[in-house]
Amino acid sequence: MNLVIFGPPGAGKGTQSKFILKKYNLFQISTGELLRKEIMNKTQLGKDISSAMNSGKLVSDKIAGGLIEKFISKNEYKDRMIFDGYPRNKQQAENLNKLLNKYNQKIDLVLKLSVSLDVIKKRIIGRAVCSICGKIYNEFFNPAPVNSNCCSSRFLQKRSDDTLDISISRYQTYEKNIKPLIDFYEESKLLRVVNGEMNISEITNEISRIIEGIKG
Ligand code: AMP
């Protein structure tokens, strides 16, 4: 089973992907995380993309697409992928279909997490990620445990694009590109919309219910 999960910034794509991959033994392919790694490692690609990322814009389709083929081509990953944050527009969705087709695979389910801008602002401002294990917390809704070796406050990091201004710009970028992407996946009857404003475990349960339904 290959899955796509999309939604506005702060919708909970990363958080939910991490639950789903554990439960169904899948691999998460997050283009956002892959791009942040390039910036952190100060690669040439990292230098080229940092200004687009820090202004809430998308990097080019060519760059984003270039990151995913090495996973799709791996035998170990075959039919076991969650694409988190890819595709972000119709062109990328078409590219993804072509790439999957090349390796005799397809998308089985597309999940859209719906969340309003008001909720997103709070989620983004409060978000912090543990630099050791990658777990995502929120100081308002889901604070990190106080007595934890791994996720203690000194290991929690804010993303540089998690500011109010950039989050609004990221939301606008999302809104601008999303309609054709929704139409594309509605046409192929793969799209399921999930209310991303419920609490984390309610969303996970709803997603699990949908996955169990398509597994039959
Ligand atoms: P995310 O971690 O999914 O919120 O992505 C963070 C940022 O990475 C986005 O605001 C974009 O600048 C960039 N990015 C992530 N995925 C893509 C993609 N599929 N296409 C273009 N840019 C992307």
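Counting starts at 1 for both ligands and their atoms, in listed order. Numbers here are sequence positions counted from 1.
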A.B. asks: Out of K13, K57, E33, whose heavy atom is nearest to atom 12 (O) of ligand 1?
C.D. replies: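 Among K13, K57, E33, the closest heavy atom to atom 12 (O) of ligand 1 comes from K57.
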A.B. asks: Below 4.0 angstrom, N of the basic side chain to O of the carboxylate: do K18 and E33 qualify?
C.D. replies: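 The answer is yes: the pair qualifies as a salt bridge.
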A.B. asks: Could E212 and R209 be called an ion pair, given the rule that one side-chain N must be under 4.0 Å from one carboxylate O?
C.D. replies: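 Salt bridge flag = no for R209 with E212.
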A.B. asks: Give me the residue, atom name and distance of the protein heavy atom closest to atom 13 (C) of ligand 1.
C.D. replies: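 Nearest protein contact, heavy atoms only, for atom 13 (C) of ligand 1 is L35 CD1, 3.6 Å.
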A.B. asks: Do any nitrogen or oxygen atoms of V59 come within less than 3.5 Å of a nitrogen or oxygen of ligand 1?
C.D. replies: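 Yes, V59 has an N/O under 3.5 Å of an N/O on ligand 1.
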A.B. asks: Taking heavy atoms and a distance under 4.0 Å, where does Q92 meet ligand 1: side chain, backbone, both or neither?
C.D. replies: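 Just the side chain.
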A.B. asks: Looking only at distances, please establish whether an N/O atom of ligand 1 is found under 3.5 Å from an N/O atom of T31.
C.D. replies: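 Between T31 and ligand 1 (N or O atoms, distance only) the closest approach is under 3.5 Å.
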A.B. asks: Any side-chain heavy atom of L96 sitting closer than 4.5 Å to one from I72?
C.D. replies: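 Answer yes - side chains close enough.
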A.B. asks: Treating Ile, Leu, Val, Met, Phe, Trp and Tyr as nodes and any side-chain heavy-atom pair under 4.5 angstrom as an edge, say whether Y174 and Y185 lie in one connected cluster.
C.D. replies: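 Yes; Y185 is reachable from Y174 via cluster members.
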A.B. asks: Looking only at N/O atoms, are Y86 and ligand 1 under 3.5 Å apart anywhere?
C.D. replies: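 Among all N and O atoms of Y86, none is under 3.5 Å from an N or O of ligand 1.
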A.B. asks: Quick check: does R36 get an N/O under 3.5 Å from an N/O on ligand 1?
C.D. replies: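 Yes; at least one N/O pair falls below 3.5 Å.
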A.B. asks: So which bit of P9 gets within less than 4.0 Å of ligand 1, heavy atoms only: side chain, backbone, both or neither?
C.D. replies: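 Neither; nothing of P9 gets under 4.0 Å from ligand 1.
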A.B. asks: Taking 4.0 Å as the limit for heavy-atom contacts, which would you say applies to M53 with ligand 1: side chain only, backbone only, both, or neither?
C.D. replies: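 M53 to ligand 1: contacts from backbone and side chain alike.
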A.B. asks: Find all atoms of ligand 1 within a distance of less than 4.0 Å from any non-hydrogen atom belonging to A64, and give their numbers and elements.
C.D. replies: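 With A64 as reference, the close atoms of ligand 1 come out as 18 (C), 19 (N), 20 (N).
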A.B. asks: Classify the ring geometry between Y77 and F71 as parallel (under 30°), tilted (30 to 60°) or perpendicular (over 60°).
C.D. replies: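 Tilted: the ring planes of Y77 and F71 meet at 30° to 60°.
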A.B. asks: Considering only protein heavy atoms, which is closest to atom 9 (C) of ligand 1, and at what distance to one decimal place?
C.D. replies: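 Here the nearest protein heavy atom works out to R88 NH2, 3.8 Å.
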A.B. asks: N/O to N/O below 3.5 Å, does that happen between G85 and ligand 1?
C.D. replies: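 Yes - when backbone and side-chain N and O of G85 are compared with those of ligand 1, one distance drops under 3.5 Å.
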A.B. asks: Pick from K122, E139, Q157, R159: which one makes a side chain to side chain contact (heavy atoms under 4.5 Å, CB included) with R127?
C.D. replies: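 It is R159, the one option of K122, E139, Q157, R159 that forms the side chain to side chain contact (heavy atoms under 4.5 Å, CB included) with R127.
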A.B. asks: Hey, are R170 and D162 close enough for a salt bridge, meaning a charged N less than 4.0 Å from a carboxylate O?
C.D. replies: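 Salt bridge: yes.
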A.B. asks: Are more than 12 heavy atoms, taken from residues, nucleotides or ligands other than N149, located less than 6.0 Å from that residue's CG atom?
C.D. replies: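 No, CG of N149 has 12 or fewer neighbouring heavy atoms, counting only those of other groups under 6.0 Å.
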A.B. asks: Purely on distance, is any nitrogen or oxygen of D161 under 3.5 Å from one on ligand 1?
C.D. replies: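 No - when backbone and side-chain N and O of D161 are compared with those of ligand 1, no distance drops under 3.5 Å.
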A.B. asks: Nearest protein heavy atom to atom 6 (C) of ligand 1, by residue and atom, and its distance?
C.D. replies: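 The closest one turns out to be R159 NH2, 3.4 Å.
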A.B. asks: Which distance, rounded to the nearest 0.5 Å, do you find between the CZ of R80 and the CG of L26?
C.D. replies: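 R80 atom CZ to L26 atom CG measures 7.0 Å (nearest 0.5 Å).
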